[in-house]
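Only this structure's heavy atoms are used, side chains among them; waters, hydrogens and symmetry mates stay out. Proteins come first, then strands; the chains are lettered A, B, ... in the order of their sequence lines, and each starts at number 1.
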Protein chains: 2
Amino acid sequence: MSIKHAILGILSCNPLTGYDLKKIIRDSSFMYWSGNNNQIYKSLVELLNEGFVTNEVQHQESSPSKKIYTITKEGLAELKQWVLSTPEPPEFKKTFLVQLAWADQLSTDELNTLLSQYEYEVKMQIVMQQEIRRRGTFTSDRTPREKLIWDMIYQNIISAYETELAWVKQLQTNLLGSKKELLP
Amino acid sequence: MSIKHAILGILSCNPLTGYDLKKIIRDSSFMYWSGNNNQIYKSLVELLNEGFVTNEVQHQESSPSKKIYTITKEGLAELKQWVLSTPEPPEFKKTFLVQLAWADQLSTDELNTLLSQYEYEVKMQIVMQQEIRRRGTFTSDRTPREKLIWDMIYQNIISAYETELAWVKQLQTNLLGSKKELLP
DNA sequence: GGTGTCATGTAAACAGTTACATGATTTT
DNA sequence: AAAATCATGTAACTGTTTACATGACACC
């Protein structure tokens, strides 16, 4: 479970509450977890037991009390060790490709509609990702190098969607272009 | 759970056993499930109860008996309806981006090593995907249009990894190029 | 004699999502 | 008056992976 490492990473910038972490992860483009309560609060308890974080309870009048989590030096060591571990290749979950694989039973119109719908979905994602990047709600740029890295992380996600968009357009063209050959 | 739809899709080409389905899904590039026993055999029981498939037990001397699954007309209808449903945008699970987000604590050498390792992983994926495409172990091309679609599905996966590779190279260049500005 | 393939299935563990629960304050 | 935000947490469910179990045969 590397969400714990993501949490350690976020806490390495700033002490935060579970609620704050939840929002950061939910709104992040590259931290791909949903950021639901169960994941966050359970992970925090585990990180606490492992000694990677400590917490300080802050009672507030007229609102629920906060637990502010701070990363320990053991947590920082664990984070560094994980960052240095052998990277995994990216994984793609493209349900649309599975759908498309059996789409030859559709008429030309039905297939075109399907492709247009996918094109729209992908375009929406690009707009959303550009908005996330523009707003930069949670961006770490403590050094110029870190700024460069984070910029490239956002670029990665946008490029991925742009490649997908270019691919749909190519497919639409190919289907049109080979119309003559495809029909008897 | 759309693995059931993937199974229906595969069976729409050919009646097969659970064991065959398992291998096809495990070796597929775009059917992203692991293809383990539990998923396959449980799904088949469910599909049977739903009336989307039927099975025929084939006893064999000197090897375990086979259950050959065949899609029903209800199954074909269910498949078509699913294929026509609104597509979901692609999802990316790139653990490396999370790792990279906290990589500013690394030295130039450590960071370069990490990037080279990722570059290698991605290159390996490209080779593997090209091999899968070349072998074409399970490819459906009943019509010229279906052939075109399947070709573009394989192309999609390869393009995705190629975009990733181009991105790492860009990052490596950017880190080198801005060396002067990054150091004091 | 050990490993791999064929062929089925189950058990246990882990990961992840949705929904529920509380309760005060602020915004619409 | 209703909905959203802050802030914590739990329960139930679904999805996914790993490992175990059987047993014959083929290959090295």
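Summarising the geometry, the separation between CG on A/L48 and C1' on D/dG9 is reported as 15 Å, rounded to the nearest angstrom. Atom CZ in A/R26 sits roughly 11 Å away from atom C1' in D/dT5 (whole-Å rounding). Rounded to whole angstrom, the span from the CG atom of A/L16 across to the C1' atom of D/dT8 amounts to 16 Å. Note: CD1 (A/I7) to P (C/dA15) measures 13 Å, nearest angstrom. If you take CD1 of B/I25 and C1' of D/dT16, they are 13 Å apart, rounded to a whole angstrom. A straight line from CE of A/M31 to C1' of C/dG16 spans 18 Å, rounded to a whole angstrom. Rounded to an integer number of Å, the gap from CH2 of B/W33 to C1' of D/dT14 is 15 Å. Between the C1' atom of C/dA7 and the CG atom of B/N55 lies a distance of 14 Å, rounded to the nearest Å.
No side-chain heavy atom of A/F52 sits under 4.5 Å from any side-chain heavy atom of A/Y69.
Contacts of B/K67 with the nucleic acid, taken as non-hydrogen atoms under 4.0 Å apart, involve only primed sugar atoms and P, OP1 or OP2.
If you check the side chains of A/N36 and A/S34, you find a donor sitting under 3.5 Å from an acceptor.
For B/S34 and D/dT17, the shortest distance from a side-chain N or O to OP1 or OP2 is below 4.0 Å. Between B/Q39 and D/dT17 there is a side-chain N or O to OP1 or OP2 distance below 4.0 Å. Distances shorter than 4.0 Å separate none of the side-chain N or O atoms of B/Y41 from OP1 or OP2 on C/dG9. For the pair B/Y19 and C/dC6, the criterion of a side-chain N or O lying under 4.0 Å from OP1 or OP2 is met. OP1 and OP2 of D/dC6 both lie 4.0 Å or more from every side-chain N or O belonging to A/T17. Contact annotation: A/K22 side-chain N/O to D/dT8 OP1/OP2 distance is not under 4.0 Å. For B/K42, no side-chain nitrogen or oxygen approaches OP1 or OP2 of D/dT16 to under 4.0 Å.
Here the OH-OG1 distance, from B/Y118 to B/T95, works out to 8.5 Å after rounding to the nearest 0.5 Å.
Every residue was checked against the side-chain hydrogen bond (donor to acceptor under 3.5 Å, both in side chains) condition with A/E88, not counting sequence neighbours, and none meets it.
Comparing A/I68 and A/K93 by the nucleotide of DNA chain D that holds the closest heavy atom to each, the one mapping nearer the 5' end is A/I68. Each of A/N37 and B/D20 was assigned the nucleotide of DNA chain C with the nearest heavy atom; the assignment lying further toward the 5' end belongs to B/D20.
Counting distance only, with no hydrogens placed and no angle test, the side-chain atoms of B/N38 and the base atoms of D/dT16 include no donor-acceptor pair under 3.5 Å. Interface remark: the A/N36 side chain does not form any donor-acceptor pair with the C/dG16 base, using a distance-only criterion of under 3.5 Å.
Cation-pi contact between B/K94 and B/F92: present, with separation from the ring centre below 6.0 Å and deviation from the ring axis of at most 45°.
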